Structure formats: structure tokens, C-alpha cells
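What follows is a short report on a single structure.
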Amino acid sequence: MAVSDQPGYRNIREPESITPPTPPTPPDGASAPGSVAKAVAVQDRLRPLVDLVGPGPAVPATVAGLDVAYAESGDRLAAAVTVLDARTLVVVESAVSVGRPAFRYVPGLFAFRELPALLDALDRLTTRPELLVCDGHGLAHPRRFGLACHLGVVTDLPAIGVGKTPLVGDWRPPADVRGAWSPLRDGGEVVGRVLRTRAGVKPVFVSVGHRMSLDNATTQVLALTPRFRLPETTRAADRLCRDALAAAASS
DNA sequence: GCGACAG
DNA sequence: ATCTTGTCGC
């Protein structure tokens, strides 16, 4: 079956000349494929490497948040990683990387767009965080290999995905109480949880990325959301990459 | 053929 | 993702 015939993928075209002449492709899945078909192939190859058991750290010392901001022109981006003390939620280290989107946006292939810049930012850290909290999904993905899985496998760090909107799956709104959740089901399996991090506010979509159990992922997200809908890790990274983009634009 | 579609 | 006008609430 052709890629363009697969369910859930309309309007898929080859990413024309958005990707500059690409150097030799490293075999670790960290670089940008030259086509949609190759990107899907990379996901299919790396998916078996996801550790679905975990359970991951119960009391991590440090937790990293990752996020990316785009220039309005869409031709420039800033990726940020912020490392927080998991107990105090204070930022202890951070790094940014400014560059170009590595792939056009295609639902399901989102990781290829941001991964290179995020990995570059991670490389600039002196600390190795004990958990990655990604802005996007992990297993809650059409091929069970969203950004959080990709980032987790490539770095071999425990990782979870926290999305603001669903990509796949059926769900019912959880009770309007912080901590309430309902399963996110797709294709007959539970791929994540719809978690209420604040009463009276839209829930978030939590899924396993790598080396984490869904229970622990839920626990960690609640620990990171004492006050706001989104994890403090994500909020810190969001602020940082926006600021970095603004700074890069004016210099 | 018509929707649905992380950021 | 980013742009947008107004509105609500602390």
C-alpha cells in the first residue's frame, strides 16, 4: 500500500525543496529524511526499540522540558531544553539551538521537523536529565512512534509526551477534578491518558515515550503541574525558545 | 467522496 | 506553530 493511501494521511506530498542538500544520512534516526516515505521507514525501523516497560524513575532528581518556537515566516526556529529540579521545579540549566525546520509539517511525522534542533540543544547541556517531557505525543501516534518515542529512543532517556490536543484515539472527558483521567484508546489499545491537570480547564494528553509506564508518566505530569495546565518544564522551555527566537531576530 | 490530522 | 479582538478574572 502506498503511503498516500494509508488511512489518516491525505495531502501527503514529497517535501519538495524545503530540505537543503542533505549530507550523508546517519543511521541513528536523528537526521531529516528526504521524503515522507523515508520518514515513515525510519519510524518503522525505530519503533521496536521503544522500551514499553519502564517503569522509569519514581523520584527523578531532574526533569527536562523541550519545546520549539517558529518565526512567523516559518523558515526559522528555536529549540529549547530546560532542566528543572524535579522537587522544587526550579530551572537548574537550559540550552537553546536556533536553526531551520528540518522537515515540513506533516501530522504523524512531526518529530522530523523538530528533532535535529532539539537534539542539538540537548547536546549543549552539561547535565543529563533523568526524564524528558516532550511537547507532543509518544505512543498516541498512528504508528505508535511520536516525538516522545523518537526522542527517547535516540537519547535512550526516559521520555513522555504531553500533548495539548489529540492526534489519534477516542476518549471521554475526565471528571472536572485535578488528577482525574480517562483512557485514550486507538485501534483497540490504550495509547495514553486524557489527564485533567486543573479543574475547569481543558485536559492534556499524556502518553509514554520511552522507558516509562503510563502510570508513572501520569504521576510525573501531575507533579509538574501544581498550578497550571501544562507542565512547568514545558512552560519554561516555551518561554526560553520564544525569547531566543526574538533575540535571534533582532541580532 | 467527506472528515480528521501533535506542533 | 503563528496571527488575531475581545473578554473574564485574579
Side-chain angles (χ1 to χ4, degrees), chain A residues 3-13 15 18 32 36 39-40 43 47 50 65-81 96-119 121 132-152 159-171 184-187 191-195 198-210 217 221 227-231 233-235 237-246 248-249:
Chain A
V3 170
S4 54
D5 292 327
Q6 291 178 15
Y9 288 88
R10 67 177 159 80
N11 294 335
I12 287 189
R13 278 162 255 121
I18 290 180
V36 164
V40 171
Q43 293 182 327
R47 183 179 50 220
V50 174
L66 304 92
D67 193 25
V68 173
Y70 294 83
E72 38 196 291
S73 47
D75 60 354
R76 206 154 183 78
L77 58 73
V81 183
V96 296
S97 176
V98 178
R100 298 192 147 281
F103 209 82
R104 74 187 182 85
Y105 173 68
V106 179
L109 299 178
F110 168 62
F112 294 100
R113 189 169 169 76
E114 304 191 336
L115 201 70
L118 287 172
L119 290 175
L132 303 181
V133 179
C134 308
D135 194 21
H137 301 287
L139 294 177
H141 175 277
R143 286 173 298 283
R144 309 292 180 261
F145 197 72
L147 173 66
C149 298
H150 206 143
L151 220 32
I160 61 178
V162 181
K164 295 182 284 294
T165 61
L167 171 61
V168 297
D170 306 307
W171 52 280
L184 176 61
R185 294 193 180 85
D186 184 52
V191 296
R193 281 177 189 170
V194 186
L195 177 65
R198 265 201 87 178
V201 176
K202 288 188 300 180
V204 297
F205 299 78
V206 178
S207 60
V208 166
H210 183 56
V221 170
R227 178 162 174 175
F228 299 103
R229 179 197 180 211
L230 297 178
T233 38
T234 301
R235 290 166 47 79
D238 179 73
R239 269 205 54 177
L240 181 56
C241 60
R242 284 180 195 241
D243 290 349
L245 197 59

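Throughout, protein chains are lettered first and strands after them, A, B, ... in sequence-line order, and every chain is numbered starting at 1. What you are looking at is a predicted structure, and each value in this text was computed from that prediction instead of being measured.
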Atom pair distance, as rounded to whole Å: CG in A:L245 and C1' in C:dC3: 14 Å
Secondary-structure stems for DNA chain C, with pairs counted as Watson-Crick or G-U when both distances are under 3.5 Å and runs at least 3 long: none
Touch class at under 4.0 angstrom, heavy-atom based, for A:L147 against every strand present: base
Test log, rule side-chain contact (heavy atoms from CB on, under 4.5 Å), inputs A:R143 and A:L109: CA-CA 10 Å; A:R143 286 173 298 283; A:L109 299 178; 3.5 Å; yes
Short side-chain N/O contact from A:R113 to OP1 or OP2 of B:dA6, under 4.0 Å: no
Within 6.0 angstrom of A:R185 CZ, more than 12 heavy atoms from elsewhere: no
Value in whole Å for how far the P atom of C:dC10 lies from CZ of A:F228: 14 Å
A:R144 and A:D186: CA distance, side-chain angles, deciding distance, side-chain contact (heavy atoms from CB on, under 4.5 Å) verdict: CA-CA 10 Å; A:R144 309 292 180 261; A:D186 184 52; 3.0 Å; yes
Separation between CG of A:L66 and CG of A:L240, rounded to the nearest 0.5 Å: 11.0 Å
Integer-rounded Å distance: C:dA1 C1' and A:Y70 OH: 6 Å
Integer-rounded Å distance: B:dA6 P and A:L118 CG: 17 Å
Touch class at under 4.0 angstrom, heavy-atom based, for A:R242 against every strand present: sugar-phosphate
Test: A:D67 and A:R239 ion pair at under 4.0 Å: no
Nearest-angstrom distance from the residue atom CG of A:D170 to C1' of B:dA4: 12 Å
Phosphate contact (B:dA6 OP1 or OP2) by A:K164 side-chain N/O below 4.0 Å: no
Ring centre gap for A:F112 and A:H150 strictly below 6.0 Å: yes
Short side-chain N/O contact to B:dA6 OP1/OP2 from A:Y105, under 4.0 Å: yes
A:L115 side chain near A:L151 side chain, heavy-atom distance below 4.5 Å: yes
Atom pair CG/NE2 of A:L167 and A:H141 - distance to nearest 0.5 Å: 6.5 Å
Intra- and inter-strand pairs of DNA chain B in dot-bracket (Watson-Crick or G-U wobble, both distances under 3.5 Å; | for another strand): .......
Atom-pair distance (NE2 on A:H141; P on B:dA6), nearest Å: 11 Å
Gap between atoms CG and C1', on A:D135 and C:dA1 respectively (whole Å): 10 Å
Sugar-phosphate, base or nothing in reach of A:G146, heavy atoms under 4.0 Å: base
Interatomic distance, A:T234 atom OG1 to A:R229 atom CZ [nearest 0.5 angstrom]: 10.5 Å
OG1 on A:T233 to CG on A:D135, rounded to 0.5 Å: 9.5 Å
Distance, rounded to the nearest Å, where A:L66 contributes CG and C:dA1 contributes C1': 16 Å
Touch class at under 4.0 angstrom, heavy-atom based, for A:A69 against every strand present: sugar-phosphate
